[in-house]
Protein chains: 2
Amino acid sequence: MTIKEVCEQFDITPDTLRYYERVGVIPEVNRTKGGIRDYTEEDIKWVENAVCMRSAGVPVEMLIEYVKLFQEGDGTIKARRDLLVEARVEVQAQLDKYQSTMDRLNYKISRYEEAIKTGVLTWDNCESKKN
Amino acid sequence: MTIKEVCEQFDITPDTLRYYERVGVIPEVNRTKGGIRDYTEEDIKWVENAVCMRSAGVPVEMLIEYVKLFQEGDGTIKARRDLLVEARVEVQAQLDKYQSTMDRLNYKISRYEEAIKTGVLTWDNCESKKN
DNA sequence: ATACTACTTGGAGTTAACTCCAAGTCAATA
DNA sequence: TATTGACTTGGAGTTAACTCCAAGTAGTAT
């Protein structure tokens, strides 16, 4: 699979994909004799993982560390588990923040909808209410 | 309330708070005769809102736009509602990504826990499994 | 064989959101 | 009054994560 195809599949740019490989967010990718990247299923799984983790803000640094441990073999199982648990803590914390922001947005929007519908501003200052 | 106290309450730095005011993420803050910031309840509500929105990745640009509309008065109710709805779409999309990353992390961690517990690597390559 | 296109590399540039800094001011204490 | 310490400003610097670029090469269509 070419770099272009992989990019379309995950909606990222070739530059990003090459960057991920360069810094070690994914292991080195399979190449043709000519040196052109030819992604295997395995390579693509790594890309999928990286894209997913990055989309939730897991730092590039952490992904690099994980790949490094993975390549060192079975002796790093516990270390990898710990790294993932650490990542999970961060992701969960962010998730909670997003949820509370959603709650706030929903509240504010409902107040605005109400004002628009009734044509009356039913609050002194939307911003100064607890929500 | 002093800048220091507000910072402690929201766990941010004075520099960040001054930056928010400077670029317009929050309206201009109340001052003492000497020119020192003295946050009112109203000011603090704005800070609370900004911190919450920023923690969910709502861009500074959008918050600035919102404050600007707010200061223009009641004629901008619909525009403000639209802005908030736009923000909500983004936040929800991010929330979904975080959730699917959590699912992936939970799956991977459980595989690792299993391997650690049994002492047996029950998969060829943790990364190459669908999850 | 000759274009043409898509790929390759290392390195420089960009962006958003802070974060730090130097120089100056003010209120309270010694 | 002199010093201290926290505050003020505008502007420069930093950081993470890309994103772009110039120069070169490989595979494909004419």
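Numbers restart at 1 for each chain; the letters A, B, ... are given by sequence-line order, proteins then strands.
For the pair A:Thr16 and D:dA17, the criterion of a side-chain N or O lying under 4.0 Å from OP1 or OP2 is not met. OP1 or OP2 of C:dC18 sits under 4.0 Å from a side-chain N or O of B:Tyr20. Not one side-chain nitrogen or oxygen of B:Arg37 sits closer than 4.0 Å to the OP1 or OP2 atom of D:dC7.
Atom P of nucleotide C:dC18 and atom CD of B:Glu21 are separated by 15 Å, given to the nearest angstrom. For B:Ile3 and C:dC26, the CD1 to C1' distance is 16 Å, given to the nearest whole Å. Between B:Glu61 atom CD and C:dT15 atom P the separation is 13 Å, expressed in whole Å. Summarising the geometry, the separation between CE on A:Met53 and P on D:dA17 is reported as 15 Å, rounded to the nearest angstrom. For the pair B:Asp38 CG and C:dA27 P, the interatomic distance rounds to 13 Å; values are reported in whole Å. Atom-to-atom, CG of A:Leu63 to C1' of D:dA16 comes out at 13 Å; the value is rounded to the nearest Å. Rounded to whole angstrom, the span from the CZ atom of B:Arg31 across to the P atom of C:dC26 amounts to 13 Å. The nearest whole Å value for the distance from the CD1 atom in A:Ile36 to the P atom in C:dT5 is 16 Å.
Contact of B:Asp15 with C:dC18 (side chain to base): no donor-acceptor pair of N or O atoms is detected under 3.5 Å.
A salt bridge links A:Arg104 with B:Glu48; the closest basic N to acidic carboxylate O contact falls under 4.0 Å.
Residue A:Lys4 has its side chain nearest to C:dC7 when only C:dT8, D:dT19, C:dC7 are considered. In the set C:dA17, D:dC20, C:dC7, D:dC20 carries the atom at the smallest distance from any side-chain atom of A:Arg22. Across D:dC7, D:dA17, C:dT9, the shortest atom-to-atom separation from the side chain of A:Pro59 is found for D:dA17.
Aromatic ring pairs are classed by plane angle as parallel below 30°, tilted from 30° to 60° and perpendicular above 60°; the pair B:Tyr66 and B:Trp46 is tilted.
Residues meeting the side chain to side chain contact (heavy atoms under 4.5 Å, CB included) test with B:Val60, sequence neighbours left out: B:Tyr19, B:Val23, B:Val25, B:Arg54, B:Ile64.
Residue A:Arg18 is classed as a base contact, given a heavy-atom separation below 4.0 Å to a base.
The nearest heavy atom of DNA chain D to A:Gly57 and to B:Gly35 marks one nucleotide each, and the one closer to the 5' end goes with B:Gly35. Comparing B:Gly34 and B:Tyr19 by the nucleotide of DNA chain C whose heavy atom lies nearest to each, the residue mapping closer to the 5' end is B:Tyr19.
Contact check of residues 92-100 of chain A against DNA chain C (heavy atom, cut-off under 4.0 Å) returns no residues at all.
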